[in-house]
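Notes follow once the structure below has been shown.
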Amino acid sequence: MEEKYNPIEIEKRWQKHWLDSAADATARDASKPKFYCLEMFPYPSGKIHMGHIRNYVIGDVITRYKRMRGFNVLHPMGWDAFGLPAENAAILNGTPASKWTLDNIAYMKRQIAKIGCSYDWERELATCTPQYYKWNQWFFIKMFERGLAYKKNSSVNWCAQCQTVLANEQVIEDKCWRCDSTVTKKELDQWFFRITAYAEELLAGCDTLAGWPEHVVSMQKNWIGKSTGAELDFPIENSDIKIRIFTTRPDTLFGATFVCLSPAHPLAPILAGDKERLSGIRAQYDKQDAATAQTTLGMFTGKYAVNPMNGERVPIFVAAFVLMEYGTGAIMSVPAHDSRDFEFAKAHNLPIIQVITGENGASEPLEEAYEGAGTLINSGDFTGLHNKEAILKINEYIEKNGIGVAAVKYKLRDWGISRQRYWGTPIPIIYCKECGAVPVSEGELPVILPEDIELKGVGGSPLAAVDSFVSAKCPRCHRPATRDTDTMDTFVDSSWYFVRYCSKMTEPALDKSNIEHFLPVDQYIGGVEHAVLHLLYSRFFTRVLRDLNIVAVDEPFTRLLTQGMVCKETWKCPEHGWLFPEEAQGGKCSLCKQPVVRGRVEKMSKSKKNVVTPDDLTERYGADTARVFSLFAAPPEKDIDWSDQGVEGSYRFLNRLWTLIYSNIEKLKMHKRTGSSGGPLIRKTHQTINKVTQSIERDYHFNTAIAALMELLNEASSFRPSSDEDYAALCFAVHSMLLLLSPFAPHVCEELWQAIGEKKSVFHHPWPEWDEEAAKEEEIELVIQIDGKVRAKETISAALSDNDKKAIALDNKKIVELTTGKQVKQVIVVRGKLVSIVLEK
RNA sequence: GCCGGAGUGGCGGAAUUGGUAGACGCAAGGGACUUAAAAUCCCUCGGGUUUCGCGCUCGUGCCGGUUCGAGUCCGGCCUUCGGCACCA
């Protein structure tokens, strides 16, 4: 054994050994319970940063721990390899997107390998390979056949400069994130997945997600956004046409004093008198988003409708705040009980009739809309009812009289998946003049994405310019036809990759028995930024796959850990934008010498130039130190501001462990590890086994687990063994420590495990057990309180009864002093370690 | 605006059900070793007070409450970070 801890040498050696022996490949083992541990796979952007490291190290600790606990753990890794950056690199410097991506994957794989994560590389996948995306296309066709994939014209974010649709998150303050030109709305034919068909099930499923953080579940519910209410018809005066509205408040029907149509409502141009004004409003409506919303913009159409409840004549307005995409695109306005309607009514001088009154019962002219509960007034036969009850009664009434029906609406929209982009999965549809949109036949899959094309970055779907791709034969009538030239949203790729991992790359992609064996994912770990989109899409896909008889579960992820973001300060130059820290030294931009602005502390990202890679850290201290440090810094769910202040502490810890073992190596090799009884070090060891195990099991608070191991090392280091018994105790402590630390610092533990004479891998040894009895303290420090304040402490035997402890407390010199002349009202013993004396006041 | 989370030493953070607030680590200061430095080891380390011996006292964002006892429970605020945001 070397005297000095040399992490670089050790880590290189063990990483090679683990890889060569395929130590981390997962063979299905029916004799063990399975455990599927998954970290969200990365986009191969070029370099791994500390945010990735944190994610993967958490997953690796759980994996190694579960293996030692006897589980058959599946722990795969792969690449979310389609997406815009590859395409942009191709446009910018002509590197083919595939080469750029594969180079990045190779580089990042080396970086990941250096942190010693135990991945089963036999299952590595990259979503940009035809073997993988073939199945995206296959699922698309299955969904098309079932009406779950359909094409419709819809309004999308459009960048005229780049000639493409942008996702919502790619629109930054109304501008294109890439070229900074203003984004507009555009009607476009797009493919959609009918996720709304599963809205109710996805919502109900939220209640089964007990292993998810509550805030993520609530974000999902929020996103699905169910509201129950009623749809009603407001007949238009002197016409056969009716306006169908949706409301969640049928109890306020008697207060509806006008009706509003969305500017995009088909009836708007028919009813509106002033067409010019209408098209002005429509233009505003198309442009606006939440930030620029004009709440009172609207116009009177000149027409009236009839409130079906009371026969009152109500004016019909067009209002910019009414969205065509939600509900029926038309609303009844109850200004007394809806703040938006109230504002609109004030601006347009419309009547406000209060129909619900709160506790005070007064019905003075309202200063603002009253949106609370209360009793109905001015409501015909329903006057006097509580509004909760009135909702039911009025629903009953409208259904009986054919005025309307109870209805449920969701905020969730169908998932638009068409992208006018190159680097993605081609949509397997062929357009035939005779047969229309026809899916590619299954035998022809995959539709290969051509790789040898030149990208110019302008002009819509790049594939449209590739004649050899576009021209095809209609699968049905075999006449010349054309392919769909859009590609799929990359979220499709990540919606089922966890299914693919269940089988090795050499096995069939959707092997049913493998899938049934490994799904669901027992522990999923990733950033909270995916709380809605990726996780919702995956839950949707899982249900679709279930209905296709491919998977047997409803929910893909049993437990979810959303690890906190790793943040870092940013620097910005007024002229050159984001700067690397070294470009901002001395407070001046190194390019133009202007003063730089210290930006917000933000999540590490390549575009903000605030990324810290693990390379410096691992080269200097080794992967084990980097792992321990990143886990010790904070509990995993917390955001951290990156700083390597303190990394020395983790390094010192591993060095001290090394030194302890080095300086006792001969004795450690000789002694058997027994540790059921006797001595403070044995006791401390049992306590530590307990603490580390609990910290992992309870809530993955690895920081406290590591703290406990540091305590044990402190005690073991200051222990001065002299007898054989002492060495046996030390031996037990060291063995336990290495086992407990091995998931966190795998290389050094494996090395030291061999050094003390163990033949098998530390990871093949079962996780240590603690003995409740051996962990018990013989002596305790009894805390004595008077009226809740600590007044004395006394070291006593832990074995004494509560009554004895009371007696000792009351007999304590200081307590006697303080209680003399006072009446003791009550004496309480808490958990055997604290006596509280309550005095008469 | 609505829905979540968070607020504890100079810093990162501990404190499982209400029961010794500040574990563990970083930084800082002092000391030992060394020709010197690094590394290592030892000591101190929330504020105030003190006769420096214990002790007393204040202290977990702010105000109040419940309790023998509150970082933890309840009510009301403040700050901050996320998410959603014309959803009828």
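Given the structure is predicted, the values throughout are model-derived calculations rather than measurements. Chain letters run A, B, ... following the sequence lines, proteins first, then strands; residues in each count from 1.
In this structure, A/Asp787 places its CG atom 6 Å from C1' of B/rC68, rounding to the nearest Å.
Evaluation of atom-type donor-acceptor distances gives a pair under 3.5 Å for the side chain of A/Gln785 against the base of B/rG19. For A/Ser836 against B/rC68, a side-chain-to-base donor-acceptor contact under 3.5 Å is present.
A salt bridge is absent between A/Lys833 and A/Glu781; no separation between the charged side-chain nitrogens and carboxylate oxygens falls under 4.0 Å.
Ring to ring, A/Tyr651 and A/Phe629 are not that close: their centroids are 6.0 angstrom or more apart.
In terms of heavy atoms, A/Ala705 sits closest to A/Val692 at O-CG2, 3.6 Å. The two residues A/Ile356 and A/Ala373 have their closest heavy-atom pair at CG2-C, 4.1 Å. Contact between A/Gln563 and A/Asn55 at its shortest, heavy atoms only, is NE2-CB, 3.4 Å.
Of all nucleotides present, none satisfies the Watson-Crick or G-U wobble test against B/rA70 with each distance under 3.5 Å. The partner of B/rC41, taking Watson-Crick or G-U wobble pairs whose two distances both stay under 3.5 Å, is B/rG31. Base pairing of B/rA88 is not made with any nucleotide, judged by Watson-Crick or G-U wobble geometry with both donor-acceptor distances under 3.5 Å.
OP1 or OP2 of B/rA14 lies within a sub-4.0 Å distance of a side-chain N or O belonging to A/Asn703. Within the structure, a side-chain polar atom (N or O) of A/Ser227 is placed less than 4.0 Å from OP1 or OP2 of B/rA88. Using a 4.0 Å cut-off, no side-chain N or O of A/Arg831 falls inside it from OP1 or OP2 of B/rG69. Taking 4.0 angstrom as the limit, A/Arg656 places none of its side-chain polar atoms (N or O) nearer than this to OP1 or OP2 of B/rA39. Here A/Arg652 reaches the OP1 or OP2 of B/rC26: one of its side-chain N or O atoms lies under 4.0 Å away. The phosphate of B/rG19 (OP1 or OP2) has no side-chain N or O of A/Lys833 nearer than 4.0 angstrom. Under 4.0 angstrom from either OP1 or OP2 of B/rA21 there lies no side-chain N or O belonging to A/Lys789. Look at A/Asn222 and you won't find any side-chain N or O under 4.0 angstrom from OP1 or OP2 of B/rA85.
Using a 4.0 Å heavy-atom cutoff across all strands shown, A/Lys793 reaches at least one base atom of the nucleic acid. Backbone-only contact: A/Val790 has heavy atoms under 4.0 Å from sugar-phosphate atoms and none from a base. Across all strands, A/Glu781 comes closer than 4.0 Å to base atoms (heavy-atom distances).
Comparing A/Ile706 and A/Tyr410 by the nucleotide of RNA chain B whose heavy atom lies nearest to each, the residue mapping closer to the 5' end is A/Ile706.
Look at the P atom in both B/rG71 and B/rU60: the space between them is 7 Å, to the nearest Å.
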